Amino acid sequence: MKVDVAAANQDLSIITLVLHASPVVQAVMGLLLIMSFMSWWYIFSKHFSISHARKQTEDFENRFWNGADLATLYDQVRRGQTLGMEKIFQAGFGEFLKLRQRAGERGNMELSDVMEGSRRAMRAACQRELDELDAHTAFLATVGSISPYIGLFGTVWGIMNAFTGLANVGQATLATVAPGIAEALVATAIGLFAAIPAVVAYNRFANDVDKLANRFDTFIEEFSNILQRQVK
């Protein structure tokens, strides 16, 4: 069986394969490319937001544990743009001040009530910060899990079209069947191109958020102990 190599090479160029693919395969490729572009957008934006939150957390911890006055630090944090641990501190100390003032006015509020209110405020602020840091990571997980299957659907459809087209050809040659199979494999390649970075980024971001969550939890417990000593 002789194969026209020049014709085969021309037919198997990526641009030609995409342009001459069946509408279903082109739709699959377009969907995968859109998902890939969106995932890369979220990868870059999430990388910068988590890095910024980690840097601000480190800066705040340095100020907090270097013996800064709590009231002064609270005023500084309240006037600025807070993020991460700063918001937890602001929520907890602000609630502590309100409850302690209320306890002084009424004289019947227990220490446990003041501490429990402050801890609840910090827990709520912590959860809001973690939700913000976790935003769009579910999309990355979805892209990583379904992109190969979408690409596989395009592959199966393309191969079906390639073999269906053989029914109208008197003699089956490599040059006849190769373009259809090649366009089908392009869909799989694009699916993997979309899935692999999304999975890697999701795992990385999930690990980074877990580390920040542990630091937030540790700070809440340590700061609660400091506040408890303030009211004794």
Side-chain angles (χ1 to χ4, degrees), residues 3-56 83-84 128-169 172-213:
V3 178
D4 188 344
V5 177
N9 287 338
Q10 182 179 2
D11 290 340
L12 296 181
S13 65
I14 298 296
I15 297 177
T16 301
L17 291 174
V18 172
L19 293 178
H20 291 84
S22 64
V24 174
V25 178
Q26 287 181 338
V28 168
M29 292 178 183
L31 176 61
L32 289 172
L33 287 175
I34 291 173
M35 294 172 64
S36 178
F37 290 147
M38 291 181 64
S39 65
W40 278 106
W41 171 267
Y42 288 136
I43 286 171
F44 283 114
S45 63
K46 188 58 58 181
H47 169 73
F48 288 120
S49 64
I50 291 179
S51 298
H52 183 54
R54 183 166 53 239
K55 183 179 183 303
Q56 283 208 230
L83 180 68
R128 287 193 296 269
E129 290 302 297
L130 293 178
D131 289 343
E132 182 67 23
L133 292 173
D134 251 340
H136 307 306
T137 55
F139 176 81
L140 295 177
T142 301
V143 171
S145 61
I146 70 173
S147 291
Y149 296 103
I150 296 176
L152 182 60
F153 171 76
T155 297
V156 172
W157 191 275
I159 292 176
M160 287 172 53
N161 282 342
F163 283 107
T164 301
L166 292 179
N168 300 323
V169 178
T173 63
L174 179 61
T176 302
V177 71
I181 296 178
E183 76 177 35
L185 294 177
V186 170
T188 296
I190 297 176
L192 294 175
F193 176 78
I196 293 174
V199 171
V200 173
Y202 173 79
N203 292 332
R204 171 64 184 274
F205 295 151
N207 182 60
D208 290 342
V209 172
D210 285 342
K211 289 181 178 179
L212 284 173

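Fair warning: this is a prediction, and the values are worked out from it, not measured in the lab.
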| task | Check side-chain hydrogen bond (donor to acceptor under 3.5 Å, both in side chains) between R204 and all other residues, then give those that pass, not counting sequence neighbours. | result | D208
| message | Whether the side chain of N203 engages the backbone of V199 through a donor-acceptor N/O pair (distance < 3.5 Å, no angle test) should be reported. | response | yes
| request: I would like to know whether L140 and F205 meet side chain to side chain contact (heavy atoms under 4.5 Å, CB included); could you show each step before the answer? | output: CA-CA 10 Å; L140 295 177; F205 295 151; 3.9 Å; yes
| said: Holding to side-chain hydrogen bond (donor to acceptor under 3.5 Å, both in side chains), I want the full list of residues that pass it with H52, two or more places apart in sequence or in another chain. | reply: Q56
| request: Specify the closest pair of heavy atoms between T137 and Y202, including all atoms of both residues, with the distance to one decimal. | output: O-CD1, 3.2 Å
| request: Identify the two heavy atoms, one from L32 and one from A194, that lie closest to each other, and give their separation to 0.1 Å. | output: O-CB, 4.0 Å
| request: Looking only at non-hydrogen atoms, find the nearest pair between A201 and I43 and report the distance. | output: CB-CG1, 3.5 Å
| note | Nearest heavy-atom approach of M29 to I190 is CG-CD1, 3.9 Å
| query | Backbone N or O of A135 within a donor-acceptor pair of the K46 side chain at under 3.5 Å? | reply | yes
| Heavy-atom closest contact (L133 atom, L212 atom, distance) | CD1-CD1, 3.7 Å
| Candidate pair I150 and I146, rule side chain to side chain contact (heavy atoms under 4.5 Å, CB included), full reasoning | CA-CA 6 Å; I150 296 176; I146 70 173; 4.0 Å; yes
| request: State which residues pass ring pair (Phe, Tyr, Trp, His ring centres under 6.0 Å) with Y42; sequence neighbours excluded, sorted by chain then number. | output: H136, F139
| Heavy-atom closest pair, residues G84 and E129 | N-OE1, 2.7 Å
